[in-house]
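Working notes for the structure below.
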2 protein chains.
Amino acid sequence: MITNKNCIIRLSRYKNALYRLQALGFVKVFSDNLADSVGGTASQVRKDFSIFGISGNKKGGYQIDSLLEKLNSILGKDQLQKVLVVGAGHIGSALMRYRGFEKEGIKIVAGFDIDPAKINRSNPVPILPLDEAKAFIKSNQIRIAILAVPDIAAQSALDLICAAGIKGVLNFAPLRLKAPDGSIVNNVNLEIELENLIYFVNVAEKTK
Amino acid sequence: MITNKNCIIRLSRYKNALYRLQALGFVKVFSDNLADSVGGTASQVRKDFSIFGISGNKKGGYQIDSLLEKLNSILGKDQLQKVLVVGAGHIGSALMRYRGFEKEGIKIVAGFDIDPAKINRSNPVPILPLDEAKAFIKSNQIRIAILAVPDIAAQSALDLICAAGIKGVLNFAPLRLKAPDGSIVNNVNLEIELENLIYFVNVAEKTK
DNA sequence: ATCATATTGTTCCATTTTTCACAATAACAA
DNA sequence: TTGTTATTGTGAAAAATGGAACAATATGAT
């Protein structure tokens, strides 16, 4: 079983690169084309594919359409993914308005907040009271959520939505959350991303 | 020389955990406390520290205040980091309004956009025309930027700010950018983060 | 039909990263 | 003072990751 997160990220990159190539009229692709597009080696592309039983043609490369089909199936993109956003602050609202998810088959179906002033049922993405999250998650069978609430509220919000059936959470609160059994929390920590960048910029500066 | 990004990310996590412990009144900490807080092993904590020449006391653990000093110095947090945001769309605006950076000593000093309608010089974080970015970067000696512009504009905006002196960029546009010589680009790709999450949720579901 | 060539799939090797294990030693107790 | 204990610091082992190399082979050329 694959536990290598980087490998799955590379599959996403291959997929994105393939759509671009397809848009340019390409029908087949070689491992080294893909390596160039995503910044890796041809061996790694081939190995990534072989891990998932994807095979191409000796001397013929890979057929883009069938390759995309397989990648999309692996990545769960053969069905629309309904996602909800918990927290309608700056970040949460921006995510709800962000148009980039659509073309990836990801649809934000609702936002939730505790602040009554934020509630807006007629929004393109309705913003509902957090009280209603449980019922909403159950009746719509949502499995994925984005958590964009203040630090202090993050753990309890996580517990609430996981108890209601959420299995995967992308957490923007800059602190480590304890994932309830049976659910997965991935973190997007912008402060840490920036710190990391600053560190490497400083190192580059010093060693120059 | 350290090139291990994960190691640096762990340092940030240790730092954050230490502030929380300090706020609770703790004065010293053991490697296994830190391991618990950030979700790792005690050996790794000690090894991470040893890589940077940080040492504690046999049987006495680490003094939190001096440990924080050293981590902050490694992470470049002994001075305010001025950052600018390029692109004042949903994501860019949310980042400019996000209050979480301040407590990390990161200050967003300006935003830039090509759309004249977005310009607002009297904003708490002024939003200026992209034309002015070069002069601003030079005169304020900014080294770090967040790139939150549409895909199509990302590479040219990157080239522009790097030519003006930006050394590190956190890119939110969901495509691979070519980093100009001497600068570093880190990517935050929300679509890919969600895809990744969905993949692992699906795997967990199947193997259950 | 035969040969040359290009490209895959996979094995093996190198490197990086993590974990284990334990000697060294500071703090404390008797 | 001596002994016991807790914890570090690090060297060695193990695991994971990535890359190079090459045999296998399909394709196209002659």
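Protein chains get the first letters and strands the later ones, always in sequence-line order, with residue 1 at the start of each. From a predicted model like this one, the values you see are computed outputs, not experimental measurements.
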Checklist entry - If only atom types and distance count, is the side chain of A:Asn187 paired as donor or acceptor with the main-chain N or O of A:Asn189 below 3.5 Å? => result no
Item to check | Sub-4.0 Å heavy-atom contacts from residues 49-60 of chain B onto DNA chain D, ordered by number | outcome: B:Ser50, B:Ser55, B:Gly56, B:Asn57, B:Lys58, B:Lys59
Checklist entry - Taking NZ from A:Lys5 and C1' from D:dT17, how many angstroms apart are they, rounded to a whole number? => result 16 Å
Next on the checklist: Between B:Lys178 (side chain only) and B:Gln155 (backbone N and O only), is there a donor and an acceptor less than 3.5 Å apart?
Outcome noted: no
Next on the checklist: Rounding to an integer number of Å, can you tell me how far B:Tyr62 OH sits from D:dA6 P?
Outcome noted: 18 Å
Item to check | Contact summary for B:Val169 and B:Cys162, nearest pair of heavy atoms | outcome: CG2-SG, 4.4 Å
Checklist entry - Does OP1 or OP2 of C:dT19 have a side-chain N or O of B:Arg46 closer than 4.0 Å? => result no
Checklist entry - Between B:Ala42 and A:Gly40, who's closer to the 5' end of DNA chain D by nearest nucleotide? => result B:Ala42
Item to check | Gap between atoms CZ and P, on B:Phe30 and C:dA27 respectively (whole Å) | outcome: 12 Å
Next on the checklist: Do the side chains of B:Lys107 and B:Glu102 get close enough for a salt bridge, i.e. N-O under 4.0 angstrom?
Outcome noted: no
Checklist outcome for this item: Checking C:dT8, D:dA21, D:dT10 against the side chain of A:Ser43 (C-beta onward), the nearest is D:dA21
Checklist entry - OP1 or OP2 of D:dT8 sitting under 4.0 Å from any side-chain N/O of B:Ser31? => result yes
Next on the checklist: Just N and O in the side chain of A:Asn6: are any of them under 4.0 Å from OP1 or OP2 of D:dA16?
Outcome noted: no
Checklist entry - Under a 4.5 Å cut-off applied to non-hydrogen side-chain atoms, are B:Leu67 and B:Gln63 in contact? => result no
Checklist outcome for this item: The nucleotide from C:dT18, C:dT7, D:dT8 with an atom nearest the side chain of B:Gln44 is C:dT18
Next on the checklist: Quick test of your reading of the model: are B:Glu191 and A:Lys15 salt-bridged, counting only N-O distances below 4.0 Å?
Outcome noted: no
Next on the checklist: Once hydrogens and angles are ignored, does a donor-acceptor distance under 3.5 Å link the base of C:dT19 to the side chain of B:Lys47?
Outcome noted: yes
Checklist outcome for this item: Comparing nearest nucleotides in DNA chain D, the 5'-proximal residue of the pair A:Lys28, A:Asn4 is A:Asn4
Checklist entry - Minimum heavy-atom separation for B:Leu34 to B:Tyr14, with atom names? => result CD2-O, 4.1 Å
